[in-house]
Amino acid sequence: MSLLDISMYKDDPGFDVSELMEKPYDPEFADKNYNPDKPMENRITDIGPPHYAQFFPEVIKKNYGEWKSHEFIQPGVIKYTSESGDVCYVVRCGLPRILTTNLMREICDIADKYSGGIARWTTRNNVEFHVTDEGTLRELIDFLKNFKHPGGSYKLPIGGTGACISNIVHTQGWIHCHTPATDASGLVKSTADEIFEYFGSHKLPAKLRISMACCLNMCGAVHCSDIAMLGVHRKPPFVEDERIGKVCEIPLVVAACPLGAIKPATVEINGQKYKTVRMNWDRCMFCGNCYTMCQAVPLADAEGDGVAILVGGKISNRITTPKFSKLIVPYIPNEPPRWPSVTKVVKRIVEAYAKDAHKYERLGDWAARIGWERFYEKCDIPFSEKSIDDYRLAYDTYHTTTQFKWSTHTDNL
Amino acid sequence: MADLKKHDTPMVDELKKGPWSSFADDLQTRGDSGSQACLDLLGQLELSYKDKETHWKHGGIVGVFGYGGGVIGRYSDQPDKFPAIAAFHTLRINQPASKFYSTKFLRKLCDMWDHRGSGVFNFHGSTGDTVMIGTTTEQLEPIFFDLTHQFDMDLGGSGSNLRTPSCCIGRARCEFSCLDTQAICYDLTMTYQDELHRPAFPYKYKFKISGCPNDCVAAIARSCCAIIGTWRDEIRIDQKAVQAYVNGELKPNAGAFSDRDWGPFDIQKEVIDLCPSKCMYWDGKELKIDNRECTRCMHCINVMPEALRPGLDVGATILSGAKAPILEGAQMSTLIIPFMRMEYPYDEIKELTDLIWDWWMEEGRNRERLGELIQRKGLPTYLRIIKRKPIPQMVKEPRSNPYVFWKEEEVPGGWTRSLEEFRKKHLA
């Protein structure tokens with residue numbers, strides 16, 4: 001019996017939008033009915049999202065909370081079985097997070113033809129199609145295998161299940177953000193091409209999650225990923241003395257610096273005095289928080305900016321507790337459009353892990369087991385002082401034992 | 001279409017090659033079919049590839065009347081070269097919980113977005129919103145009017161307010177889910193519409209709901225309030241199915257390792273020995289679990305889903321205060337409530353939320369996340385605020401320094417003493 005209990009929400013505005021959806025979009029509706037002089041007239045606010053259950057496929061409504069088991073019948077295809085005996089197949093496909101109405105309409109065409117007019121997105125920006133019979137499933141898979149962009153890439157590659165590298169979650173980068181130290185979409189596309197074989201297969205020791213954030217703000221929260229690519233700045237901000245007082249609150253800029261490197265100042269330019277700030281560059285850790293607070297201290301720079309690689313984080317509580325990612329490579333220059341140096345390092349880490357880790361062992365658990373000295377050795381990545389923490393709680397990461405392993409780092413001592 | 005102005009984009013064109021779905025090809029196709037915005041977007045991206053710097057200006061405060069979030073202003077710093085994206089604002093739209101959509105809904109949304117914006121989406125933003133990128137300031141009110149009247153949709157969160165809550169697939173498809181994640185997500189979202197739309201907090205606040213400790217929505221790493229499903233009774237065991245795994249009739253981990261020969265399934269090595277609390281025992285015939293010692297890590301259940309299932313006495317573990325590194329360093333959520341029943345109308349989590357918000361809004365500094373405030377004030381203070389008794393589950397280990405902040409009332413006689421009396425006994 002379905003556990004879907006939604007009766008308490010039936011009076012909510014978005015509970016059932018089916019009638020609205022029967023009406024085509026009216027491009028003139030707002031122009032006719034919205035009066036800018038009286039914005040509150042006919043205004044609807046605080047209605048929240050459409051209710052989720054109306055978009056469920058029938059098989060999900062019927063078996064909500066009654067699912068008994070699941071099986072990856074092939075990479076990217078999951079079979080769910082209910083206590084009722086009902087079966088639902090899900091085909092999972094990779095997709096760039098950024099997509100246009102063109103591709104969206106094509107996704108709708110596919111969903112109309114194969115999956116009852118419903119599509120679903122995962123937390124990692126994959127799109128999923130639900131089907132209930134094996135014949136349709138095979139037709140859908142065959143269709144997707146030949147569904148390509150003009151340049152030859154798969155529009156909707158199948159995969160993202162089991163011991164794989166699922167879709168790389170990422171931020172906006174140069175395509176739509178004002179603070180990035182690198183691009184997101186291009187770097188992610190380049191990396192996804194490089195490790196493509198692992199998206200649609202089940203051959204890794206465990207799942208491996210790659211995430212990408214284009215600055216330290218991490219709107220993509222990459223700090224607990226198996227492999228994180230992170231845009232970093234390396235030059236302190238400019239200070240636009242003649243502009244800062246007009247466009248920013250000086251005390252907020254001063255307060256924005258976590259290391260107290262910014263002080264208020266007054267300067268004279270061409271006989272005119274300006275309230276501004278001065279920065280102690282020796283203290284700057286290039287977090288960019290001052291720029292987030294104030295547009296007159298820009299810090300983007302072609303030579304300064306690039307990508308750091310962090311590894312060994314995880315979210316899941318499985319076997320070991322959740323972990324932060326650790327900074328392994330402090331800086332790789334930006335090399336658009338393909339970022340070959342970044343993708344090379346990522347691939348090397350993936351391959352060393354794939355070869356060496358035990359079954360069920362996440363990347364960070366593997367590194368912890370073999371020891372970080374061995375991790376650097378096996379991945380052929382040089383260790384630098386930049387990987388030794390000197391920020392808050394740094395001491396927690398220092399080794400306070402005589403237990404360590406001999407490695408290339410100690411061979412020539 | 002003759003009016004379309006294409007830019008020379010040799011570097012961006014490189015990204016049309018390779019097997020992974022190409023965003024560049026998608027934008028190009030949309031541009032060629034009539035969207036100057038998509039062509040200008042590719043043009044500006046090419047310029048960024050050449051300059052290795054972004055060409056979006058900082059900020060620009062825009063929004064819709066009566067709301068303080070949901071719209072993020074964005075302007076090109078090369079508007080003369082790329083006039084179709086001179087203003088290119090983002091709208092965050094509150095997604096339906098767990099992100100199912102009907103094609104009728106999506107097609108209509110496409111029609112609206114082609115009419116009033118660039119035709120470029122993010123499915124989805126990192127927090128979970130349905131994101132539309134690229135429109136002008138004049139279009140914002142009409143878009144909001146369209147969304148609320150023609151879609152029954154509303155804006156999501158941005159700025160110092162409640163961000164759009166999000167959840168995993170939950171009971172819609174997953175047999176592990178100990179929570180009705182969609183219902184909790186939807187209910188909290190509807191309850192806190194005011195907090196979501198009108199910034200009144202020191203900084204952002206996030207709810208995320210995962211149905212089990214696998215935590216598919218990454219609640220523990222990125223939410224101020226992580227609601228993660230768990231159970232208090234025993235893992236349900238189907239001994240016959242355990243035997244079927246042992247005999248190789250069922251694929252371990254539901255077939256997640258199918259493309260590599262890991263040898264025959266070894267329950268001792270792959271399940272029993274990997275159990276973090278070593279609470280399981282296999283005698284060749286029967287699997288035994290000492291449930292009192294189990295930490296519910298999900299490993300055994302993940303490996304043998306046909307044989308093992310979470311218990312039936314279900315609820316949520318509540319953790320507080322995760323955030324990304326800016327500013328004080330990354331934090332994961334801290335366990336504050338081991339078990340909370342999660343049943344409609346979810347009064348207990350709402351009462352807890354009131355206590356947290358009152359304190360954070362009173363004590364929190366500008367742009368201080370809850371996790372940072374807890375760190376600044378200490379977990380014992382936080383526990384007093386949320387009226388919870390300290391228990392060992394809240395710490396990895398007891399403190400190793402002796403610097404206890406004793407309170408006066410805890411010490412017999414208080415802190416005020418007679419120096420005179422003291423000196424009578426102890427010569428200076």
Side-chain angles (χ1 to χ4, degrees), chain A residues 14 17 21 25 27 30 34 39 44 46-50 52 55 60 65 67 69 71-72 96-98 100-103 108 111 117 120-121 149 151 153 162-163 174 178 180 185 189 192-193 196 201-203 218 220-221 223-224 258 295 300 302 315-319 322 334 336-337 359 392, chain B residues 11 14-16 18-20 22-23 25-26 30 48-49 52-54 56 58 65 94 96-97 99-100 102-104 108 110-112 115 119 122 126 142 145-146 148 152 154 171-172 175 182 190 193 213-215 218 221-222 254-260 262 297-299 306 324 327 329-330:
Chain A
V17 301
M21 290 310 120
Y25 172 64
Y34 174 68
I44 299 175
D46 301 280
I47 56 171
Y52 52 93
F55 300 132
I60 283 181
W67 297 104
S69 67
E71 186 192 342
F72 307 108
R97 185 177 76 150
I98 191 166
T100 71
T101 47
N102 259 44
L103 186 51
C108 290
R120 189 244 163 188
W121 272 261
H149 278 296
S153 67
W174 292 335
H178 63 295
S185 303
K189 159 73 176 151
D193 281 341
F196 187 71
S201 67
H202 288 162
K203 57 185 178 183
M218 284 195 197
H223 56 292
C224 296
Q295 56 190 285
I315 303 291
S316 161
N317 287 274
R318 183 176 184 171
I319 304 177
N334 277 322
K359 192 179 178 185
R392 316 260 199 260
Chain B
M11 282 194 274
E14 280 296 311
L15 295 168
K16 295 172 183 169
W20 182 258
S22 170
F23 73 98
D25 235 341
D26 181 29
R30 181 72 197 93
S48 276
Y49 283 2
K52 299 184 188 178
E53 286 165 11
T54 190
W56 296 104
H58 188 296
F65 189 80
N94 199 147
K99 305 185 182 92
F100 285 84
S102 72
T103 54
K104 278 185 182 161
K108 193 169 173 178
C110 287
D111 291 344
M112 190 274 275
H115 178 63
N122 278 163
S126 299
F145 207 79
D146 277 346
T148 48
D152 278 343
D154 202 341
R171 287 176 176 158
E175 72 268 27
Q182 283 98 340
M190 296 305 280
Q193 281 293 294
N214 283 328
D215 195 4
R222 49 186 201 147
F257 296 90
S258 60
D259 287 327
R260 185 151 150 189
W262 291 96
C297 85
M298 294 298 293
H299 176 63
E306 300 272 355
L327 273 177

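Computed from heavy atoms alone, side chains included, the values below leave out hydrogens, waters and symmetry copies. Reminder, nothing fancy here: chain letters follow the sequence lines and each chain counts from 1.
Checked by atom type and distance alone, the side chain of D154(B) never pairs as donor or acceptor with a backbone atom of P49(A) at under 3.5 Å. No donor-acceptor pair under 3.5 Å is formed between the side chain of W174(A) and the backbone N or O of K52(B). The closest donor-acceptor contact from the side chain of H202(A) to the backbone of G255(B) lies under 3.5 Å.
Interface remark: F196(A) contributes side-chain atoms only to the contact with chain B (heavy atom separation under 4.5 Å). In this structure, the portions of M112(B) lying under 4.5 Å from any heavy atom of chain A include both its backbone and its side chain. Looking at R97(A), both its backbone and its side chain come within 4.5 Å of chain B, counting heavy atoms on both sides.
In this structure, a donor-acceptor pair under 3.5 Å is present between the side chains of D26(B) and T100(A). Remark: the H149(A) side chain and the S22(B) side chain contain no N/O donor-acceptor pair separated by less than 3.5 Å. Donor-acceptor pairing under 3.5 Å is lacking for the side chains of Y34(A) and D146(B).
Between T103(B) and A111(A), the closest heavy-atom pair is CG2-CB, 3.5 Å. Smallest separation of non-hydrogen atoms from P258(A) and L327(B): CG-CD2, 3.6 Å. When all heavy atoms are compared, the tightest approach of T54(B) to P180(A) is CB-CG, 3.7 Å. Scanning all heavy atoms of the two residues, the minimum distance from A30(A) to P142(B) falls at CB-O, 3.7 Å. Closest approach of D193(A) and W20(B) over heavy atoms only: OD1-N, 2.8 Å. Across every non-hydrogen atom of F100(B) and F55(A), the tightest pair is O-CD1, 3.2 Å.
Comparing E14(B), M190(B), Q193(B) by heavy-atom pairs within less than 4.5 Å of chain A, the highest count is held by Q193(B). Across G162(A), G151(A), S153(A), the residue that shares the most heavy-atom pairs under 4.5 angstrom with chain B is S153(A). Residue with the most contacts toward chain B among K203(A), R392(A), K189(A): K189(A) (heavy-atom pairs, distance under 4.5 Å). Listed options C108(A), A163(A), A192(A) were ranked by heavy-atom pairs under 4.5 angstrom with chain B; first place goes to C108(A). The choice from G18(B), S48(B), P19(B) that makes the most heavy-atom pairs within less than 4.5 Å of chain A is P19(B). In terms of heavy-atom pairs under 4.5 angstrom with chain A, the leader among E53(B), H115(B), M298(B) is E53(B). Of the listed residues (T148(B), D215(B), L15(B), D111(B)), the one with the most heavy-atom contacts under 4.5 Å to chain A is L15(B). Ranked by non-hydrogen atom pairs under 4.5 Å with chain B, the options S201(A), C224(A), P50(A) are led by P50(A). Chain B forms the most heavy-atom pairs under 4.5 Å with one residue out of S316(A), S69(A), A300(A), G65(A), and that residue is S69(A). The residue among E306(B), R260(B), H299(B), K16(B) with the most heavy atom pairs within less than 4.5 Å of chain A is H299(B). Chosen from N102(A), D46(A), I44(A), the residue pairing most often with chain B at heavy-atom distances under 4.5 Å is D46(A). Per-residue counts of heavy-atom pairs under 4.5 Å with chain A were compared for P96(B), S126(B), C110(B); the largest is that of C110(B).
Note: W67(A) CH2 to E175(B) CD = 10.0 Å, rounded to the nearest 0.5 Å. Rounding to the nearest 0.5 angstrom, the gap separating the CZ atom in R120(A) from the OG atom in S102(B) is 15.5 Å. For the atom pair Q182(B) CD and Y52(A) OH, the distance stands at 6.0 Å (nearest 0.5 Å). Here the CD1-SG distance, from I319(A) to C297(B), works out to 6.5 Å after rounding to the nearest 0.5 Å.
Counting heavy atoms of neighbouring residues, nucleotides and ligands inside a 6.0 Å radius, atom NZ of K104(B) does not exceed 12 of them.
For the pair K359(A) and F257(B), the cation sits on the ring face: its NZ or CZ lies under 6.0 Å from the ring centre, inside 45° of the axis.
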